[in-house]
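Below, read A as the first sequence line, B as the second, and so on, with proteins coming before strands; counting in each chain starts at 1. The figures that follow rest on heavy atoms only: side chains count, while hydrogens, waters and symmetry mates do not.
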2 protein chains.
Amino acid sequence: MESSFAIIAEPNRRTILSLLASSECSVGEIEHQLRMSQTSVSKHLRVLRDAGFVEVRVEAQRRVYRLRPEPLMEVDAWLTPFRRFWTAHVDALERHLNQMDLPPNKGKKR
Amino acid sequence: MESSFAIIAEPNRRTILSLLASSECSVGEIEHQLRMSQTSVSKHLRVLRDAGFVEVRVEAQRRVYRLRPEPLMEVDAWLTPFRRFWTAHVDALERHLNQMDLPPNKGKKR
DNA sequence: CTCAAATATGCCTTGACGGGCATATGAACC
DNA sequence: GGTTCATATGCCCGTCAAGGCATATTTGAG
């Protein structure tokens, strides 16, 4: 029931996801590569799993985690209405922003 | 200093951003259209402003808020490494996932 | 069955965040 | 200057989530 956005608000979880984007990993590998405590890794993976970001495969004593794309696709989809603010308008937008950000003579407080 | 991801973790803030994606709005307009309290709207706008998601324009007694693209571009950029999991691979990925999810004969618990 | 390795979970504490209320600030108008 | 409209801010409170520690659980080995 937690929004995908809330899930990826956590920096450690984003790091884990980025790592899993390279390749699937066991808990121990994540723990070691990211220098996080095992407890923390397991808990974050639990959250990621419940939210559908990852899935597990049991392999001997190891649990190998792998990325699932759906929740991130949802985030990607949410961005759609905003893309018109930069896609294909980049140059025009930049000109516009520069014009707003650097009023040459206004002497603003800030 | 707050990550853009933490900012958009808040549902009301996402709603405000979506509204601003349609057109710039004053605080009162947001308050009315989204049925949120003025206090709440102002506070969220403050957070969004500090994080660079919006900018203000003073117009008489009104403050008109407008979207700024940079932070969302950052989110969009973070998604890049993950897009290969669905862009242009959709069908292949689906086949792959189906193959993993529904082992035809393994008799899994679940 | 016992032990060890890998991982998960429960409990507790602490800190951050959102909501509401009252109040402050600022601009316009008389 | 005083009043009113529009918005911002400070304070208090309840909630919730993350980290740490200890412990439980699962799986493999002997």
I'd like to check the side chain to side chain contact (heavy atoms under 4.5 Å, CB included) partners of [X]; sequence neighbours left out, ordered by chain and number.
X	value
A:E74	A:S4
B:S42	B:V27, B:Q38
B:Q61	none

Quick one: salt bridge (Lys or Arg N to Asp or Glu O under 4.0 Å) partners of A:E24, sequence neighbours excluded?
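For A:E24 the salt bridge (Lys or Arg N to Asp or Glu O under 4.0 Å) partners, ignoring immediate neighbours, are A:R57, A:R66.
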Tell me every residue that passes salt bridge (Lys or Arg N to Asp or Glu O under 4.0 Å) with B:R62, counting only those two or more places apart in sequence or in another chain.
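For B:R62, no residue satisfies salt bridge (Lys or Arg N to Asp or Glu O under 4.0 Å) once neighbours in sequence are set aside.
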Atom [atom1] of [X] to atom [atom2] of [N]: distance rounded to whole Å?
X	N	atom1	atom2	result
B:R57	D:dT7	CZ	P	13 Å
B:I30	D:dA6	CD1	P	15 Å
A:R63	D:dT25	CZ	P	13 Å
A:D50	D:dA17	CG	C1'	14 Å

Flag the pair A:F82 / A:W78 as yes when their ring centroid distance falls below 6.0 Å, and as no otherwise.
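Judged by ring-centre distance (under 6.0 Å), A:F82 and A:W78 do meet the cut-off.
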Rounded to the nearest 0.5 Å, what separation is found between the CZ atom of B:F53 and the OH atom of B:Y65?
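If I round to the nearest 0.5 Å, the distance is 15.0 Å.
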Can you measure from CZ (A:F85) to CG (B:D76) and round to the nearest 0.5 angstrom?
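That separation rounds to 14.0 Å.
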Do any side-chain nitrogens or oxygens of A:H44 fall under 4.0 Å of OP1 or OP2 in D:dG19?
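It does, given that an N or O in the side chain of A:H44 lies less than 4.0 Å from OP1 or OP2 of D:dG19.
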Any donor-acceptor pair under 3.5 Å linking the side chain of A:S40 with the backbone of A:S37?
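No: the side chain of A:S40 does not pair with the backbone of A:S37.
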Indicate yes or no for a side-chain donor-acceptor contact from A:Q33 to the backbone of A:I30 under 3.5 Å, with no hydrogens or angles considered.
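Not a single qualifying donor-acceptor pair exists.
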By the 4.0 Å heavy-atom rule, please label A:S40 as base, sugar-phosphate, or nothing.
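The answer is sugar-phosphate, as A:S40 gets under 4.0 Å only of primed atoms, P, OP1 or OP2.
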Please compare A:Q61 and A:M36 by the position of their nearest nucleotide in DNA chain D and report the one closer to 5'.
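Comparing both residues, the 5'-ward one is A:M36.
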Specify the residue among A:V58 and B:R62 whose closest nucleotide of DNA chain D lies further upstream toward the 5′ end.
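That would be B:R62.
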If the condition is side chain to side chain donor-acceptor pair (under 3.5 Å), which residues does A:R46 pass it with, not counting sequence neighbours?
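Listed in chain order: A:D50.
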Sequence neighbours excluded, which residues qualify as side chain to side chain donor-acceptor pair (under 3.5 Å) partners of A:R63?
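With sequence neighbours excluded, A:R63 shows a side chain to side chain donor-acceptor pair (under 3.5 Å) to no residue whatsoever.
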What heavy-atom pair brings B:P81 and B:R84 nearest, and what distance separates the two atoms?
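In this case the closest contact between B:P81 and B:R84 is O-CG, 3.7 Å.
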Side-chain donor/acceptor of B:Q38 to base of D:dA6, under 3.5 Å:
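No pair found.
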Under a criterion of less than 4.0 angstrom to any heavy atom of chain A, what are the 5'-terminal and 3'-terminal contacting nucleotides of DNA chain C?
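Listed 5' to 3', the contact boundaries are C:dA6 to C:dC11.
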Quick one, which residues of residues 4-29 of chain A touch DNA chain D with a heavy atom under 4.0 Å?
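Heavy-atom cutoff 4.0 Å gives A:E10, A:N12, A:R13.
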Report, one pair per line, the protein and nucleotides 10-15 of chain D atoms (nitrogen or oxygen only) whose separation is under 3.5 Å.
residue, atom, partner, partner atom, Å
D:dG10, O6, B:K43, NZ, 3.2
D:dC11, N4, B:K43, NZ, 3.3

Which atom pairs, one a donor and one an acceptor, fall under 3.5 Å between side chains of residues 8-18 of chain A and the rest of the protein, sequence neighbours left out?
residue, atom, partner, partner atom, Å
A:E10, OE1, A:N12, N, 2.8
A:E10, OE1, A:R13, N, 3.4
A:R13, NE, A:I7, O, 2.7
A:R13, NH1, A:H44, ND1, 3.2
A:R13, NH2, A:I7, O, 3.4
A:R14, NH1, A:I8, O, 2.7
A:R14, NH1, A:A9, O, 3.2
A:T15, OG1, A:P11, O, 2.9
A:S18, OG, A:R14, O, 3.1

When the C1' atoms of the five terminal pairs at each end define the local axes, what inter-axis angle does the helix from C:dC1-D:dG30 to C:dC30-D:dG1 show, to 10 degrees?
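About 10° separates the two local helix axes.
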